[in-house]
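Notes for the one structure printed next.
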Amino acid sequence: VTPRTYREVKKPEVYPGESVTCFADAGADNAGDSSCFIAEDTRLMWTRRRILIVVLASSVILITLILARRASLFERSTEKSDEVNARESSPERPSGEVSLEHVQARVDGVRSVLAQKSLDELVVQLNDNLGYMQPGYYSPRSLDHEDFEQILSNRLTSRLLDALEELPRDQARVQAESMCNRMHSECKATIERVLNYYENPGAPENTQSMSGNRLGLGTAIFLLAHFSDADAVVRELQRMGGYTSRFRERVAQNRESYPPDVERLLPSFWDLDVLCQVNLIAFAVEKNAAEQPSRQSRVKEVLASIPTKTVVWTNWNARVSYYDIAHRTHMRPIDEEEGTQELVVYEWPADMLRKEEEQQEILTALLEIFEDES
Amino acid sequence: MEMAMNVYQRAAKVLGALAFCVVVAAVSPNAQARDLAEWVKIGTYSGEIHFTVPDAQAVYFGNGVNCGNAAHRTANGQRYFSHGHKTFGLPQSGLDDNGTLRQNGLTSDTINAFWDALYGISHVGNADHTSNCWAYALGYGCWIQDPSWILADDYDVSQTVVVGVDSMDEHMKKITGICNNEPNTNTVGSTSEKCRASAIYNFSYYCPGGGTHTAIYKPK
């Protein structure tokens, strides 16, 4: 038997654009010979192989991804509490059960940041509006005054108080005064930028939150109330009222520069609301009741008709705070292990909610106590 | 004849003055307007939008004041409770925290975006600025300002779960299910709520275990 021999031929006309090697019988004339079937079969085989390789590769990638995902889930689940693990492994777990991870992760992120910052770095955060919104306090009442509880809801407030309490009282007072000065400056600079934007075409738009400034100032005054007397608190509030009045006058004098409603709405961002001012004064007076008992009794008399509620104010490092959205929406008990402080908070009665004049009269009556004594 | 002319002239002047007053009242942004605020998320901005509506579109009634809608009374005591009627439509334009005018910035979508981010889950239905958490939980289509009369007249503090109030005492949610597979049968199994002008958010809890609570009110 004569062994069959092969030679290589090129078949560019069969596979245009490709340099394909075709094996033909040694005796065949040219590349177009039908004996080149081997090459065609080979190409078909390679096409199948390619498909097979792609399918196999895709499968490997898919399996890798699934394994990676499972590994990731496993890692996350090991970080959860035993209780959550027990729930998730239970076949009875309802399909719509809410995950607390989103909320708790946000809270833990805030705790971690606050724990690492120095006093100076914390002070810079005073007018960051986000801290007052998350967890935040959202009253169901319309036209309600929320500033005081928004201040309490910010974990930064409790963290700053902790930091100041580590200092000697005099130093803490100086620090709190410095925070007030800083926030007054921020408030004024921001309002100035906003007014310039409307009054001078082409002026840059303001990007600092006016609410953040206002609440930052309220926080600073609240801290000051812990280390100074109530007179200092009243002075800071009057200082605020002084420049916001001047800005109001300026807006009124340049009315034509402002779109409709802007003139009216702008000042609503500037002053701490009346209820917050009442609470700040009442808190400061109560803190100093031992030194000035007569003032305390006069203040109580003015506020006799205003209802109060007791807030169990949790420490900044509490896993679940009084104001946490996690607590509010998922009914988790608040974490009292880091310490709590009971705060008495005044609230307008339902029939006073619309009566701005009556609210202002209460504040004026409080301020008169201080005027009488000075 | 001259006297008749004077009468006509006077009447014309009076009518003219009246028309002027009406026009001034209609175009003046400060006339009979009410300032309101709601929470929105627009792009990277999260915060309040302050806006103004005609006074007649956001009317508030104190406890004991007849609002003209008999449905806004307590079921048992027939007492009108403190609430508001918000009849303005969306969108509304207003000012944000930075002093920027947001044209049509208050919409269902921007309200939903804010509360979705805060709650961490998706809403059900549409944002509803005409009722708050109290109204939704207690079943009234208005903005309740003070639920104390409703709770006093129509509810008892109870361990049987129907309507729950969380320990913040101001926020209220419907309790839509209870865990009945453990000794403590009043543990919350599922809830439904809204916050201010938000849409509805539904939560369910694993049973046994469930959601803890501090105050449960049962209809009388």
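Each chain gets a letter, A, B and so on, in the order its sequence line appears, and its residues count up from 1.
For the ring-ring contact (aromatic ring centres under 6.0 Å, His included) criterion with F81(B), the lone passing option out of F61(B), W143(B), Y140(B), W149(B) is Y140(B).
For N132(B), the part lying under 4.5 angstrom from a heavy atom of chain A is the side chain only. For Y198(A), the part lying near chain B is the side chain, with the backbone staying farther off; criterion is any non-hydrogen pair under 4.5 Å. Heavy atoms of N63(B) lying under 4.5 Å from chain A belong exclusively to its side chain. Only the side chain of P259(A) comes within less than 4.5 Å of a heavy atom in chain B; its backbone stays farther off. Only the side chain of F114(B) has a heavy atom closer than 4.5 Å to any heavy atom of chain A. For a residue to count as touching a neighbouring chain, one of its non-hydrogen atoms must lie under 4.5 Å from one of that chain's; by this rule L265(A) touches chain B with backbone and side chain alike. Only the side chain of L36(B) comes within less than 4.5 Å of a heavy atom in chain A; its backbone stays farther off. The part of S82(B) that comes within reach of chain A is its side chain, from C-beta onward, which places non-hydrogen atoms under 4.5 angstrom from that chain.
The line from OG of S268(A) to CD of E48(B) is 8.5 Å long, rounded to the nearest 0.5 Å.
Under a 4.0 Å N-O distance rule, the pair R319(A)/E336(A) does not qualify as a salt bridge.
A cation-pi contact links K174(B) to Y136(B), judged by a cut-off of 6.0 Å to the six-membered ring centre and 45° from its axis. Because its NZ or CZ atom is not both nearer than 6.0 Å to the ring centre of Y60(B) and within 45° of the ring axis, R354(A) does not count as a cation-pi partner of that residue.
Counting heavy-atom pairs under 4.5 Å between each of G120(B), A197(B), A135(B) and chain A puts G120(B) at the top. Ranked by non-hydrogen atom pairs under 4.5 Å with chain A, the options G62(B), S148(B), S46(B) are led by S46(B). Contact count versus chain B (heavy atoms, under 4.5 Å) is highest, among L130(A), L266(A), L143(A), L353(A), for L143(A).
Side-chain contact of R73(B) with Q78(B): a donor-acceptor pair under 3.5 Å is present, judged by distance alone. A donor-acceptor contact closer than 3.5 angstrom links the side chains of T176(B) and S190(B). With hydrogens and angles left out, the side-chain atoms of Y132(A) and T219(A) include a donor and acceptor closer than 3.5 Å. A donor-acceptor contact closer than 3.5 angstrom links the side chains of Y201(B) and D116(B). Side-chain atoms of D128(B) and S131(B) form a donor-acceptor pair, as typed in the model, at a separation below 3.5 Å.
Scanning residues 201-214 of chain A against chain B with a 4.5 Å heavy-atom cutoff picks out E205(A), N206(A), T207(A), Q208(A), S209(A), M210(A), S211(A), ordered by number.
Applying the salt bridge (charged side-chain N to carboxylate O under 4.0 Å, His left out) criterion to R196(B), with sequence neighbours excluded, gives E146(A), E38(B).
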